[in-house]
Amino acid sequence: MHFSTKLRRRFALPAAVLLLAALSGCFDLETELRLLPDGSGFVTTWVRVDHRDALIASSIGGQGIDAEVEAAVANLKDAMGRVEGVDWVDHQVYTDGDKQVLRFRYVFDHQQALNEFWNGPAAGIPILMAGARLDFRGSSTSCGRYVTGLNIAPRDPVALFPLDQGEMGDLSDEVRTAMRDKIFGGEFRLRIVPPGVVEAADAPTQDASGYPIYQSRMMALLRNGWRIGTRSYLECGKDNPATPESTGVTVGAAPAPDMVKLVMRGLPLFVETSMELEQVDKRRANVKVVMLADEPMGDALSFYLPLLLAAFPQSAANMNLSSDKMADGRTMFTFTSKEAIDLRDANNSLVFLGKDGPVQIFRMKLPASPYVVDRPPDAPPRRIVTIRVKLLDEIRVTNATEKQGSVAIWRIDDQTLRNAVTLEAVSK
C-alpha cells in the first residue's frame with residue numbers, strides 16, 4: 001500500500017511513518033518551546049514511534065527507515081524555508097528503549113515569523129503545531145516580567161488524514177475512522193521554557209526544573225485545541241537559567257497527582273477490566289478487580305497503579321495488588337480486598353451498599369469518560385468493563401444487563417459512558 005506524492009507533500013510525513021502509526025496504534029509527539037527575552041527562540045520536537053513497527057512499516061513503504069526519515073526531514077526543511085525568520089537547525093534519529101525517535105529543531109527570530117509559519121506552510125502537517133499562535137509580551141529590556149500565551153487552534157483529523165485517495169478510496173468509513181483513531185491515539189506533550197523563573201502557569205504539572213508541562217491525548221488536542229499561559233520573571237543582570245540538552249519532554253521523577261488521576265480515568269478504554277463484589281453482611285463486601293493490559297500498557301500500569309494506591313492510603317492499606325505476565329503477552333493486575341469493605345457511607349461518590357429505606361440496595365456511580373467523546377457517536381461499541389455483584393438475598397429490581405437470583409452482571413461499553421451511569425440492584 002503506497003501513498004501518492006500529493007499526500008506525502010501534504011503530511012510532510014512519508015508513507016511508512018503513517019503506516020507504522022496505524023500498525024503500532026499511535027505516535028507520541030513532544031514539543032519544547034524555548035523563548036529568549038528579545039522574543040526569539042527555538043522549537044524542538046520529538047516524534048516517538050514503536051521501533052519494531054517502524055521497521056515493518058518502512059519495508060511496506062519500499063524504503064529503509066533512514067530513507068523515510070530523510071524524506072520527512074526534506075519536507076520539513078522545505079516548509080520552514082518558505083517563511084523569513086524561521087530556519088531549520090538540525091535533526092537526530094535514535095532509539096530510546098523500544099521507541100524510534102526523530103528529533104528536529106528550528107529557530108525563529110520573532111513571534112510574528114513563528115505565527116506566520118504555524119498558520120501557513122505548517123498547515124496540514126500533523127507533527128507541527130499548525131494553526132497555533134504565540135503571544136509573548138514583556139519588558140523592552142533584558143529583565144522583568146514576561147507573559148507567554150499560546151492558543152492552539154482545533155484541527156480536523158479528517159483533513160489531516162483524509163484516506164479518500166488512490167487505494168485508500170475503497171476503504172469503508174468505519175475503517176477510516178478506526179485508522180484515524182489509531183494514528184492520533186497517542187499523547188501530546190508541550191513544555192514552555194520562558195525567560196527567567198516561572199512564577200505561575202496553568203499547566204497541570206511541571207518538570208524537574210520547574211517548567212510547565214501540558215499534556216493531552218492527540219485526538220483531544222486536534223478536536224478541542226488549547227489555550228495556555230505562563231508568567232515568568234527574569235532578574236536584571238541574569239540570563240535564562242542554563243539547562244542541559246533534553247531528550248524529550250518529561251514530568252520528572254514522578255507525575256503530578258492530577259496527571260495520575262487523568263491517566264487512571266482513561267484506563268478503562270485501554271484495558272479489559274472486571275470487578276466482582278460479594279456481600280458478606282448488610283454493609284460490607286469483598287471486592288476483587290482484575291485488569292488485563294496489552295503491551296506496552298502493562299508497563300505503564302506497573303508504574304501508575306502503585307501511585308494510585310499511594311494517593312488513597314486508607315484504601316491501599318486494605319488492598320493487595322499483584323501482577324502476572326500471561327502466556328499471550330498481556331499483564332494481569334489483580335486488586336483483592338484483605339478484609340470485607342464497609343460500603344454503607346452514603347457520602348461515598350462511587351459505591352454504596354446498605355439500607356435505603358425498607359430495602360437493601362447496591363449502587364455504583366460511573367462518571368462519564370472524558371476520552372469517549374473523542375470517538376464518533378456511531379463507532380462500534382467496545383466493551384471496557386464487566387461488573388458482577390452477589391448480594392445476600394434475591395435481587396428484586398435492577399438495571400443490570402443480566403440477573404439470576406442474588407447475582408447481577410453489568411457489561412459496560414465505551415459508548416455507554418458518554419454520560420454518567422448509575423448501576424443499581426435492590427433486594428429485600
Side-chain angles (χ1 to χ4, degrees), residues 11 13 18 21-22 24-33 45-49 118 122-133 149-163 176-192 201-206 212-229 248-251 255-271 296-297 300 304 366-382 384 413-420:
F11 296 130
L13 281 171
L18 290 173
S24 63
C26 61
F27 64 94
D28 289 334
L29 184 63
E30 303 174 358
T31 297
E32 179 187 86
L33 173 61
T45 294
W46 295 261
V47 185
R48 298 179 182 274
V49 296
W118 278 344
I125 303 178
I127 60 175
L128 293 174
M129 290 198 299
R133 185 166 294 278
L150 190 65
N151 180 19
I152 304 177
R155 304 166 72 185
D156 183 7
V158 175
L160 282 175
F161 197 25
L163 289 175
R176 289 192 182 101
T177 297
M179 289 187 71
R180 289 190 192 100
D181 286 346
K182 287 184 178 181
I183 286 185
F184 299 121
E187 292 289 329
F188 171 80
R189 287 178 287 273
L190 171 66
R191 173 167 50 208
I192 303 292
D202 54 7
T205 187
Q206 61 187 27
I213 299 289
Y214 300 86
Q215 182 162 329
S216 169
R217 289 185 66 231
M218 195 87 66
M219 186 64 82
L221 178 72
L222 291 176
R223 289 185 170 169
N224 304 322
W226 213 345
R227 286 181 179 272
I228 58 182
V249 176
T250 174
V251 294
D258 285 348
M259 186 57 65
V260 176
K261 294 177 184 177
L262 183 65
V263 171
M264 297 308 297
R265 287 181 70 187
L267 282 180
L269 295 184
F270 305 111
V271 299
M297 183 55 70
Y304 277 110
L366 301 179
S369 170
Y371 292 91
V372 173
V373 296
D374 294 334
R375 303 196 71 213
D378 57 350
R382 181 171 54 197
I384 57 177
D413 59 51
D414 57 348
Q415 297 290 20
T416 301
L417 292 185
R418 285 185 174 275
N419 301 292

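- Interatomic distance, CG of Leu221 versus CZ of Arg189, reported as 12.5 Å (0.5 Å rounding).
- When all heavy atoms of Ala201 and Pro212 are compared, the pair lying nearest together is CB-CB, 3.7 Å.
- Partners of Asn419 according to the side-chain hydrogen bond (donor to acceptor under 3.5 Å, both in side chains) rule, which considers only residues two or more places apart in sequence or in another chain, do not exist here.
- Rounded to the nearest 0.5 angstrom, Arg223 CZ and Asp156 CG are separated by 8.5 Å.
- The two atoms that bring Leu128 and Ala122 nearest to each other are CD1-CB, 4.0 Å, heavy atoms only.
- The CG atom of Leu366 lies 9.5 Å from the OG1 atom of Thr416; values are rounded to the nearest 0.5 Å.
- Evaluation of the side-chain hydrogen bond (donor to acceptor under 3.5 Å, both in side chains) rule for Asn151 yields no partner, not counting sequence neighbours.
- Between the CZ atom in Arg133 and the CZ atom in Arg227 there is a gap of 11.0 Å [rounded to 0.5 Å].
- Counting only heavy atoms from C-beta outward, the side chains of Leu190 and Ile213 never approach each other to under 4.5 Å.
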* To do: Kindly indicate, with the supporting measurements, whether the criterion side chain to side chain contact (heavy atoms under 4.5 Å, CB included) is fulfilled by Trp46 and Asp28.
  => CA-CA 8 Å; Trp46 295 261; Asp28 289 334; over 6 Å; no
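- Using a 4.5 Å heavy-atom cutoff, the side chains of Leu150 and Trp226 are not in contact.
- Put simply, CZ on Phe188 and CZ on Arg217 are 14.5 Å apart, with the number rounded to the nearest 0.5 Å.
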* **side chain to side chain contact (heavy atoms under 4.5 Å, CB included) between Met218 and Glu187, worked out** => CA-CA 5 Å; Met218 195 87 66; Glu187 292 289 329; over 6 Å; no
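- Atom CD1 of Ile192 and atom CD1 of Ile228 lie 4.5 Å apart (nearest 0.5 Å).
- Between Gly229 and Tyr214, the closest heavy-atom pair is O-OH, 3.3 Å.
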